[in-house]
Amino acid sequence: MTIATFEKATKLQTVEDLLTWGGAWAARAMVDVVAEGLLENALPRIEFVERILNASEGAGAQAAQRRIEGLIGRRLTSNPSKTFSSPPKPVLDLSLRHRWSRTRCDSNEWLDKLCSHLDCNTSGLANTLDVLDRRDAGLPEHFFDQLRGWSWQILPRLFGSPLLPPEKAFKVIQTDWASACWRRWYRYGDEVALLISLDDRECSRSRSTVWRLIHDATHLYHMAAYPGSQRQNDPIWLCQMESLAILAECKYLDLLTEEREQFSRPEHTELDKDALVTWLLVGLLERSLRIDYDVAVHAEGEQPDRWREITLRRTGIPRQVLAFTDEFHGLPGLPAAYLLGANVAEACADTEGMFAGRSVVLQLYADHIETLSLDPSTDVPNYSPTLALPLSRVGTAAAKTQLTYASPFDHSHATSSVATVSVTCSLKSTQRGVHMSRFQESINALSQRQWPSISEAATWLANAILEGQGQDQADASIEVEHIVSTNASITGKSSSQTVRLRAKTKVSRTEASRCSVSLSIGVMTACPCTLQYSRLLAQRELLQSASVRTRSPFRMTVPTFTHSQPGDLLVEVSSVHAPPSYLELLKAIRSAAHVRESVLKRPDEHELVQRAHQRPQFCEDVVRAVAFAAASRISETDSVYIQVRLDESIHPHSVTAEFEGIAGDLWKASR
């Protein structure tokens, strides 16, 4: 077997192997193999190409088919699926994105730099770039000679390493199918080749310098000088080569912005320094947007076209900057690896080893991501406190999260509300503080599933806090606002009432867990004092005017008037068994208090006001009545807590009353 035949067989085997990666990995490599086949006049069999495409998935696979069709000048019968039968294998672990170094990776930061450099805002960005591009059209003069001369000189300077010019030759090939290639740099026998499309002559001189004399020149140097880079269809090596080329762009940008009087440009070439900086910034902005895309599409399930439209509205960049969105669909980790890999490569002291492959970007990446937070010395909460005093409760209050739970008044469907969550735990005398982030992680986890009830969610949360913090006791409280549908008592009109539902759970390593549920609702009362006074006064005046001598108070049965107080009533029941349902609590309240309604027609209003006047209540009366009503519906050992707060209508203050006791004691008191 000749070397050439072996290389071809190896490339086809690489494509076969990439089918196990899923997604568009094999299809992407197939584009490169077809392009290399055109260079060597040895295309792979069409049947093989179509089999690879049919076994690939995602918009990236469909884009690869279009590229291959453009290269060979014919339509293929293959039809890769746009959806994934299973998630493709990522070249970079996207689940570790929270630990990624943000150096050079924030698209907003690159967008700000570009707009600042051009002295424009996002609304004028696309037009400004278009004007600059047309003003600077055409390949740089002496372009081919600059690759051998200027590029080989500038690369060692950029990398701060004594990189030597490659011994092997390279050539530039102008072809009308270069624009259909995935990449422009290839092995060509004993040489390396850079493909130049006829369309490149429409490209600005500044962009050509950045894309070809910096980025692609790095690839050519890499391939000619270091044999290991010949495996560029392998995703790991593709990331290696792209990382170093992006690092060259970053370093060239640093060089241009640092030099004040002269700047490094190809000799005898008319170039504007500001234009070079512009296209470097555009390119690095595009690479940072690839990171956003990778996370949104491959880690969070966003559709590429939706992400593209949102990003265009947000940034104002030209649409062609986001041409990569379909191309990279089904290649998870690769879009992010460009800039992230450049950061890793820059941190590696052995630059030549990065080029030679002794140090591989993605192998080093796990050690490069943010690891300082995992160092025990940064875990200050685990330090010993100055004062060795245990604390009863430490936690976080009023955190918000989305909670989905079975409707407490109609279990046939689920409902979702924004929940207010508070959690605490005890703190040992040997530990300085709790781990606050663990509280929030557990709270956020509530939104990831549907709960049978609010109380079960609170119980799960309390146990998660207990285990996560490693303390002896933990408490969790979840409160939601819920709409209860009602009907007016006289007209039957549909109405509603907002209730606040709360569940609290206390768990301990030494005691039985205890869960409580509470319902808070708006009520109103009529003041008994004023009502009694108005009755007696009306009776006296009527008797006097009628010259009636008897003054029996029982002769006046029609209520007259009094002032009313709106307020809030809270009923909470705590139990070591299953707590009562919220429906039971609502029934107890309605039987003992006057509940406000959102919709009341005239007869409904009269009925509620009349009922309140016929049974006027102090704040204390409401508490006692609801306490007995609630206790009658719960277990003997359950505890009940009632709180009423009423806003006085004729006084500048509120009144409150509370009761706390055991249901069994209330049973005895009622006999």
Side-chain angles (χ1 to χ4, degrees), residues 5-92 94 177-184 186-187 195 231-239 242 290 293-294 296-299 301-308 322-335 337:
T5 306
F6 176 77
E7 286 184 348
K8 290 191 183 80
T10 302
K11 290 169 184 174
L12 294 180
Q13 186 60 53
T14 299
V15 175
E16 288 272 17
D17 292 342
L18 288 176
L19 285 177
T20 63
W21 285 51
W25 288 107
R28 192 219 68 83
M30 196 72 257
V31 178
D32 298 338
V33 169
V34 170
E36 290 178 272
L38 286 172
L39 285 176
E40 301 176 5
N41 198 27
L43 284 170
R45 295 189 308 275
I46 294 300
E47 295 81 1
F48 177 80
V49 175
E50 291 185 331
R51 183 171 66 82
I52 294 298
L53 292 173
N54 277 323
S56 300
E57 297 174 326
Q62 296 179 335
Q65 174 160 325
R66 292 193 295 270
R67 284 180 176 269
I68 293 174
E69 291 173 341
L71 288 170
I72 64 177
R74 59 172 285 187
R75 295 293 298 273
L76 299 174
T77 60
S78 49
N79 184 27
S81 170
K82 192 171 184 178
T83 58
F84 305 123
S85 58
S86 59
K89 178 182 176 181
V91 75
L92 189 70
L94 298 176
W177 48 260
S179 59
C181 291
W182 188 287
R183 54 181 168 83
R184 302 290 189 91
Y186 293 93
R187 298 290 305 176
L195 305 184
R231 297 166 47 199
Q232 58 265 29
N233 286 330
D234 182 332
I236 305 301
W237 280 95
L238 178 65
C239 291
E242 290 293 358
R290 291 184 186 188
Y293 169 89
D294 214 356
V297 172
H298 292 128
E302 186 76 79
Q303 291 301 312
D305 53 352
R306 174 172 169 76
W307 180 88
R308 180 172 53 244
L322 300 183
F324 65 84
T325 50
D326 281 343
E327 305 281 353
F328 280 94
H329 189 230
L331 307 175
L334 180 59

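Numbers here simply count residues along the sequence, with the first being 1.
Shown here for Val91 and Gly333, the closest heavy-atom pair between the two residues is CG1-C, 3.4 Å. The minimum heavy-atom distance linking Trp25 with Pro332 is given by the pair CZ2-O, 3.6 Å. Scanning all heavy atoms of the two residues, the minimum distance from Asp294 to Pro335 falls at OD2-CD, 3.3 Å. For the pair Thr325 and Arg308, the tightest heavy-atom approach, listed with the atom from each and the gap, is OG1-NH1, 2.5 Å. Among all heavy-atom pairs drawn from Cys239 and Ala337, the shortest one is SG-CB, 3.8 Å. For the pair Gly22 and Pro88, the tightest heavy-atom approach, listed with the atom from each and the gap, is C-CB, 4.0 Å.
Taking 4.0 Å as the cut-off between side-chain N and carboxylate O, Glu242 and Arg183 do not count as a salt-bridged pair. Salt bridge absent: Glu47 and Arg51 never bring a charged side-chain N and a carboxylate O closer than 4.0 Å. Here Arg28 pairs with Asp32 in a salt bridge; the nearest charged N to carboxylate O distance falls below 4.0 Å.
Atom CG of Leu38 and atom CD1 of Ile72 lie 8.5 Å apart (nearest 0.5 Å). Taken from CD1 in Ile46 to OG in Ser78, the straight-line distance is 9.0 Å, to the nearest 0.5 Å. A distance of 6.5 Å separates OH in Tyr186 from CD in Glu36, rounded to the nearest 0.5 Å. Ile52 contributes atom CD1, which lies 13.0 Å from atom CD of Gln65 (distance to the nearest 0.5 angstrom). Atom CZ in Arg66 sits 13.0 Å away from atom CG in Leu71 (nearest 0.5 Å). A distance of 10.5 Å separates CG of Leu322 from CZ of Arg290, quoted to the nearest 0.5 Å.
Side-chain atoms of Trp21 do not come within 3.5 Å of backbone N or O of Leu331 as any donor-acceptor pair. Within the 3.5 Å criterion, the main-chain N or O of Glu69 finds no donor-acceptor partner in the side chain of Arg74. Checking side-chain atoms of His298 against main-chain N and O of Gly330 turns up a donor-acceptor pair under 3.5 Å. Using modelled atom types, one side-chain atom of Glu57 and one backbone atom of Ser85 make a donor-acceptor pair closer than 3.5 Å. Glu50 places a side-chain N or O within 3.5 Å of a backbone atom of Thr77 that can act as its donor or acceptor partner. Not one N or O on the side chain of Arg67 forms a donor-acceptor pair closer than 3.5 Å with the backbone of Val31. Side chain of Asn54 to backbone of Asn79: a donor-acceptor contact under 3.5 angstrom is found.
Ring geometry, Phe84 versus His329: the interplanar angle falls from 30° to 60°, so the pair is classed tilted.
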Chi angles and distances behind the side chain to side chain contact (heavy atoms under 4.5 Å, CB included) call for Leu334, Leu238: CA-CA 9 Å; Leu334 180 59; Leu238 178 65; 4.0 Å; yes

Test Leu18 against Asp234 for side chain to side chain contact (heavy atoms under 4.5 Å, CB included), laying out the working first. CA-CA 8 Å; Leu18 288 176; Asp234 182 332; 5.8 Å; no

Output, in order, the C-alpha distance, side-chain angles, deciding distance and verdict of side chain to side chain contact (heavy atoms under 4.5 Å, CB included) for Val15 and Asn233. CA-CA 8 Å; Val15 175; Asn233 286 330; 5.6 Å; no

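In this structure, the ring of Tyr293 has its center less than 6.0 angstrom from the ring center of Phe324.
In this structure, the side chains of Phe48 and Glu16 come closer than 4.5 Å at one or more pairs of heavy atoms. Taking 4.5 Å as the limit, every side-chain heavy atom of Leu53 sits out of range of all side-chain heavy atoms of Gln62.
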